[in-house]
Structure formats: C-alpha cells, structure tokens
Amino acid sequence: MAGASPVVSYSVEGTLTYTAPRLLHCVSCFRVDVSNDMWEVTMVPTGKSPFASYGRRYDGTNILWWFTTKASPDEGSGLVENGPVPRTTAGFDEYVWLAYASGGYFHGRRPGSAMSFQPLRSLHGLTRRCDQPAEWTCSAKPPFLPSGVTYTATNLAAALDNKGRVVSGPLGP
C-alpha cells in the first residue's frame, strides 16, 4: 500500500553493566523484541540479585512491568502503567529501552519535550507522569532509533498536590 509505514520488527541481545563507584555494580543480560510501536525488554541479572528475571512489555497502550524471583522462579508479580515510556527502576531496563526500543516513541515526535522517566509524586501516594524538556535526533532509517537524547532538568521543583495536580516553583540559588 502506497504511503504506509514500513513494518519494523527486530530483536537485540546484549549485556548491560551499570556502575556507580563505591555504591553499585549491576550486570544483566538483556533481550529486546520490537514490532512497530510494541516492544518488550527482558533482563536476566547475573551475580547477586534476588530477581531471576524482570522486564517490561508495551502493547501499544500500556506497559506491563513484571518480575520473577530466584526464590520462586515460577511465581512473579507485576503492575500495569499507561503510556509508551518506562519509568525509572533499580533494574536500569529503561536505558535498554532508550537505546534499542524507543524509535517508535521518538520518531516523528517534535523535539522540545518528552515523557520523563521519573514520575511526580504526592505526599499521599499519587503518581503522575509528565513531559520534561528534551531534545533528540533520530536515525532517518528504520528502526528510527535516536542517536542521542538530552533530558534537561530545570530550576523548577515539581510535585503533585493531594488532588493529583502538578505544582511547581523555582528552586533557590
């Protein structure tokens, strides 16, 4: 069909090493499967970790975040969140998404702002995802992955009030 978007389907496997000097050293094997705007990131930690595996799956509307533990590998848990961008977790799989599965989100989107990895929170446990200033450049060829993304932190503190509304104000010097 003329003018139809090309079908983009691929898989990537690799190893992620995340190190914060004197604090943290995590190594996980990963697999990314992408089919157009849908994707799945599966992580298998090596070394000391209570998790057997964990990951996220985006179905075009919602992200299912799931995990299994080494103590009970046949059992697991998870949660569902609306939207195409994963939130920050201690497993760092959002960075694997950014590198290998974010083309469907960033391609064709006008630079200027992108959904933050960090949700805003209220004192009463409400959370909400918001855009933050960002710039990126995507490859002109499928799978249209960004070659770089810069999220900009501003001097505004943002949070949610007890009704779930975003409140912000400038930070002091």
Verdict with reasoning, V27 to T15, per side-chain contact (heavy atoms from CB on, under 4.5 Å): CA-CA 7 Å; V27 179; T15 302; 3.7 Å; yes
Side chain N82, main chain N62, donor-acceptor under 3.5 Å: no
Are side-chain heavy atoms of [X] and [Y] found at a separation under 4.5 Å?
{"X": "M38", "Y": "D33", "result": "no"}
{"X": "F106", "Y": "C138", "result": "yes"}
{"X": "I63", "Y": "W97", "result": "no"}
{"X": "C29", "Y": "T46", "result": "yes"}
{"X": "S147", "Y": "W136", "result": "no"}
{"X": "P86", "Y": "W39", "result": "yes"}

Chi angles and distances behind the side-chain contact (heavy atoms from CB on, under 4.5 Å) call for V32, E13: CA-CA 6 Å; V32 177; E13 292 183 354; over 6 Å; no
Measure across [X] and [Y] and return the closest heavy-atom pair with its distance rounded to 0.1 Å.
{"X": "T69", "Y": "F67", "result": "CG2-CE1, 3.9 Å"}
{"X": "Y54", "Y": "S28", "result": "OH-OG, 3.6 Å"}
{"X": "S11", "Y": "R31", "result": "OG-NH2, 3.2 Å"}
{"X": "G103", "Y": "L145", "result": "N-CD2, 3.5 Å"}
{"X": "M43", "Y": "F30", "result": "SD-CB, 3.4 Å"}
{"X": "F92", "Y": "C26", "result": "CE1-SG, 4.0 Å"}

Salt bridge [X]-[Y], side-chain N to carboxylate O under 4.0 Å:
{"X": "R57", "Y": "D59", "answer": "no"}
{"X": "R56", "Y": "E94", "answer": "yes"}
{"X": "D131", "Y": "R109", "answer": "yes"}
{"X": "R129", "Y": "E81", "answer": "yes"}

side-chain contact (heavy atoms from CB on, under 4.5 Å) assessment of L98 paired with V96: CA-CA 5 Å; L98 185 61; V96 174; over 6 Å; no
Value rounded to 0.5 Å, distance of OG in S53 from NZ in K70: 10.5 Å
Near-ring test Y100/Y10, centroid separation under 6.0 angstrom: no
Steps toward side-chain contact (heavy atoms from CB on, under 4.5 Å) verdict (F51, T68): CA-CA 6 Å; F51 298 107; T68 61; over 6 Å; no
Result of checking L79, V80, T42 against W66 for side chain to side chain contact (heavy atoms under 4.5 Å, CB included): T42
Examine [X] and [Y] and state if one hydrophobic cluster contains both, with Ile, Leu, Val, Met, Phe, Trp and Tyr joined whenever side-chain heavy atoms are less than 4.5 Å apart.
{"X": "V41", "Y": "V44", "answer": "no"}
{"X": "V149", "Y": "Y18", "answer": "yes"}
{"X": "F117", "Y": "Y58", "answer": "yes"}

